S.K.: 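The structure is given below, and queries will be raised subsequently.
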Amino acid sequence: MQQWSEKAYAKVNLTLDVQGKRPDGYHDLRMLMQTVSLCDTVTLTATGGEGLRVTSDLEYLPTGEKNLAGMAALAFFRHIGRPAKGVSLHIRKEIPVCAGLGGGSADAAAVLRLLNRVYGTGLSAARLEEMAAEVGSDVPFCVRGGTRLAEGRGERLTDVSPLPPCHVVLCKPPYTVSTGAAFARWGGARSAARPDLRGALAALAESDLRGLARFLYNVLEDVLPVAASDVAHIRGALMDAGALGVVMSGSGPTVLGLCDDAQRAGAAGEALRGQYKETFVCEAVGEV
Ligand code: C5P
């Protein structure tokens, strides 16, 4: 049977601001997002006549149409007007789940790219992003990735100057954070401090990694539960290890540190891995 594979890269939030609550219960966001090299792998097998199958190597993840990857496949087939069958998708997970790294969204976006390639449909990235918006908030960004500003629920994407090449240390405490609970804690409280997006964009325009590192900021980090004290601990450890700047990604609990030096990034990873086994040293990745 013929097989094709596609990498599904994790995303991090360099900045995250909540603009307010929407009538549909979701929140409007403004986020500077970045793709990193930590990735899952999605493999498509052509099965002939059978229905759509979606599996992963983590048995507790939803399968079939309940998985975001399955929803993405259904959206794709609906848009091209073909029955959703004859395809089996398997996801090899590397990206920690419920970690603020957009793993499920990355898998869904990879499915859209993969089906577009395998079926030779030649749909533009913009068209795939429209389908992606039906699947989940972070999926449109994950279609092309790179460095982008995402607004609304994440579906309004604007090109920005790319992050200069750098190393990204990711460290996840040994628990997960519910996205819904994180937004409920924010509760319209409007943080006193907000990300300085203008400053961050100016630093990006000048390829100034050190400058950008000063502007990393996520308002959801201000409303973490007391029990999530590891986030502050990891922050401190990454800065002590020489990271230029640190911030929590998405609704957490993963913390990322930006480094301009491979050796320092490696040492930071080493220092944290003893305590937190879900520690990864990776790189910023441009458009997929
Ligand atoms: O995107 P996802 O379905 O994973 O989000 C889970 C929950 O987080 C939503 O049901 C909603 O309560 C909250 N959320 C939000 N605003 C967003 C994204 C998520 O309020 N932009």
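The analysis underlying the following values was restricted to heavy atoms, covering all of them including side chains, and did not include hydrogens, waters or symmetry mates. These numbers come from a predicted model, not from an experiment.
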S.K.: Is it true that a side-chain atom of Asp40 and a backbone atom of Ile95 form a donor plus acceptor pair closer than 3.5 Å?
M.R.: yes

S.K.: Taking side chain as C-beta onward, heavy atoms only, is Trp186 less than 4.5 Å from Asp222?
M.R.: no

S.K.: Are Val36 and Tyr276 in one and the same hydrophobic cluster, where Ile, Leu, Val, Met, Phe, Trp and Tyr link if side-chain heavy atoms are under 4.5 Å apart?
M.R.: no

S.K.: Is there side-chain contact between Leu220 and His27, with heavy atoms separated by less than 4.5 Å?
M.R.: no

S.K.: Evaluate the side-chain proximity of Leu197 to Thr15: yes if any heavy-atom separation is below 4.5 Å, no if none is.
M.R.: yes

S.K.: Using only heavy-atom distances, determine whether the side chains of Tyr217 and Asn13 contain a donor-acceptor pair under 3.5 Å.
M.R.: no

S.K.: Do Tyr175 and Leu224 belong to the same hydrophobic cluster, where Ile, Leu, Val, Met, Phe, Trp and Tyr are linked whenever their side-chain heavy atoms lie under 4.5 Å apart, directly or via other members?
M.R.: no

S.K.: Testing the basics here: between Gly269 and Thr279, what is the closest heavy-atom pair and its distance to 0.1 Å?
M.R.: O-CG2, 3.8 Å

S.K.: Tell me, which pairs form a salt bridge (charged side-chain N to carboxylate O under 4.0 Å, His left out) where one or both residues lie in residues 238-248, sequence neighbours left out?
M.R.: none

S.K.: Considering non-hydrogen atoms only, spot the tightest contact between Ala200 and Leu212 and give its length.
M.R.: O-CD1, 3.6 Å

S.K.: Quick check: does any side chain N or O of Thr47 sit under 3.5 Å from a backbone N or O of Ser88, one acting as donor and the other as acceptor?
M.R.: no

S.K.: Counting only heavy atoms from other residues, nucleotides and ligands, does the tally under 6.0 Å from CZ of Arg92 exceed 12?
M.R.: no

S.K.: Are the side chains of Thr147 and Met33 in contact, using a 4.5 Å heavy-atom criterion?
M.R.: no

S.K.: Could you tell me which residues satisfy side chain to side chain contact (heavy atoms under 4.5 Å, CB included) with Ala181, sequence neighbours excluded, listed by chain and number?
M.R.: Ser178, Arg185

S.K.: Identify the heavy atoms of Asp17 and Pro195 that sit nearest to each other, and give their distance.
M.R.: CG-CD, 3.6 Å

S.K.: Give the cluster check for Val160 versus Leu29: same hydrophobic cluster or not, with ILVMFWY residues linked at side-chain heavy-atom distances below 4.5 Å.
M.R.: no

S.K.: Using a 3.5 Å distance criterion without hydrogens, assess whether the side chain of Ser37 forms a donor-acceptor pair with backbone atoms of Glu283.
M.R.: yes

S.K.: Give a yes or no on whether a salt bridge exists between Arg273 and Glu278, defined as a side-chain N under 4.0 angstrom from a carboxylate O.
M.R.: no

S.K.: Find out whether Arg148 and Asp159 are in side-chain contact, i.e. whether some heavy atom of one side chain is under 4.5 Å from a heavy atom of the other.
M.R.: yes

S.K.: Show me the side-chain donor-acceptor pairs of residues 63-73 shorter than 3.5 Å, one per line, residues at least two apart or across chains.
M.R.:
unit_1, atom_1, unit_2, atom_2, d
Asn67, OD1, Ala69, N, 2.8
Asn67, ND2, Pro62, O, 2.9

S.K.: What residues, two or more places apart in sequence or in another chain, satisfy salt bridge (Lys or Arg N to Asp or Glu O under 4.0 Å) together with Arg156?
M.R.: none

S.K.: Using side-chain heavy atoms (C-beta onward) and a distance below 4.5 Å, is Leu14 in contact with Phe215?
M.R.: no

S.K.: Would you find more than 12 non-hydrogen atoms of other residues, nucleotides or ligands less than 6.0 Å from Arg22 atom CZ?
M.R.: yes

S.K.: By the ring pair (Phe, Tyr, Trp, His ring centres under 6.0 Å) test, which pairs, at least two apart or in different chains, include something from residues 80-108?
M.R.: none

S.K.: Looking only at the side chains, is there a donor atom on one of Thr43 and Gln3 sitting less than 3.5 Å from an acceptor on the other?
M.R.: no

S.K.: Counting C-beta onward and ignoring hydrogens, is there a side-chain heavy-atom pair between Leu149 and Leu157 closer than 4.5 Å?
M.R.: no

S.K.: Given 3.5 Å as the limit, does a donor-acceptor pair link the side chain of Gln34 with the main chain of Val285, or not?
M.R.: yes

S.K.: Quick one: salt bridge (Lys or Arg N to Asp or Glu O under 4.0 Å) partners of Arg264, sequence neighbours excluded?
M.R.: none

S.K.: Please give me the minimum heavy-atom distance between Ala193 and Val219, naming the atom from each residue.
M.R.: O-CG1, 4.0 Å

S.K.: My understanding is that only residues two or more places apart in sequence, or in another chain, count here; which of them pass side chain to side chain donor-acceptor pair (under 3.5 Å) with Ser137?
M.R.: Arg153

S.K.: Tell me, please, which residues at least two apart from Ser251 pass side chain to side chain donor-acceptor pair (under 3.5 Å).
M.R.: Thr179

S.K.: Over all heavy atoms of both residues, which pair between Leu244 and Met239 is shortest? Give the atoms and the distance, please.
M.R.: O-CE, 4.1 Å

S.K.: Would a single hydrophobic cluster contain both Phe141 and Phe183, if residues Ile, Leu, Val, Met, Phe, Trp and Tyr are joined by side-chain heavy-atom contacts under 4.5 Å?
M.R.: yes

S.K.: Please tabulate, for side-chain N and O atoms in residues 106-128, each donor-acceptor pair with protein atoms closer than 3.5 Å (sequence neighbours left out).
M.R.:
unit_1, atom_1, unit_2, atom_2, d
Asp107, OD2, Lys93, NZ, 3.0
Arg113, NE, Glu6, OE2, 2.7
Arg113, NH1, Cys142, O, 3.0
Arg113, NH1, Val143, O, 3.1
Arg113, NH2, Glu6, OE2, 3.4
Arg113, NH2, Lys7, O, 2.8
Asn116, OD1, Thr121, OG1, 2.8
Asn116, OD1, Gly122, N, 3.2
Asn116, OD1, Leu123, N, 2.9
Asn116, ND2, Leu123, O, 2.9
Arg117, NH2, Ser5, O, 2.7
Arg117, NH2, Glu6, OE1, 2.9
Thr121, OG1, Asn116, O, 3.4
Ser124, OG, Arg127, N, 3.1
Arg127, NH2, His79, ND1, 3.4

S.K.: Applying the side chain to side chain contact (heavy atoms under 4.5 Å, CB included) criterion to Glu221, which one of Val246, Leu16, Val231 satisfies it?
M.R.: Val231

S.K.: Without placing hydrogens or testing angles, list every side-chain donor-acceptor pair under 3.5 Å for residues 202-211, not counting sequence neighbours.
M.R.:
unit_1, atom_1, unit_2, atom_2, d
Asp208, OD1, Arg210, N, 3.4
Asp208, OD1, Gly211, N, 2.8
Arg210, NH2, Asp260, OD2, 3.3

S.K.: Quick one: do Glu129 and Arg144 make a salt bridge, cutoff under 4.0 Å?
M.R.: yes

S.K.: Test question: given the 4.5 Å side-chain rule for I, L, V, M, F, W and Y, name all other residues clustered with Val97, or answer none.
M.R.: Leu58, Tyr60, Leu61

S.K.: Could you state whether Met248 and Val12 fall into the same hydrophobic cluster, counting links through intermediate Ile, Leu, Val, Met, Phe, Trp or Tyr residues with side-chain heavy atoms under 4.5 angstrom apart?
M.R.: no

S.K.: Quick one: ring pair (Phe, Tyr, Trp, His ring centres under 6.0 Å) pairs with a partner in residues 1-26, sequence neighbours left out?
M.R.: none

S.K.: For residues Cys282 and Leu38, report the shortest heavy-atom separation together with the two atoms involved.
M.R.: CB-N, 3.9 Å

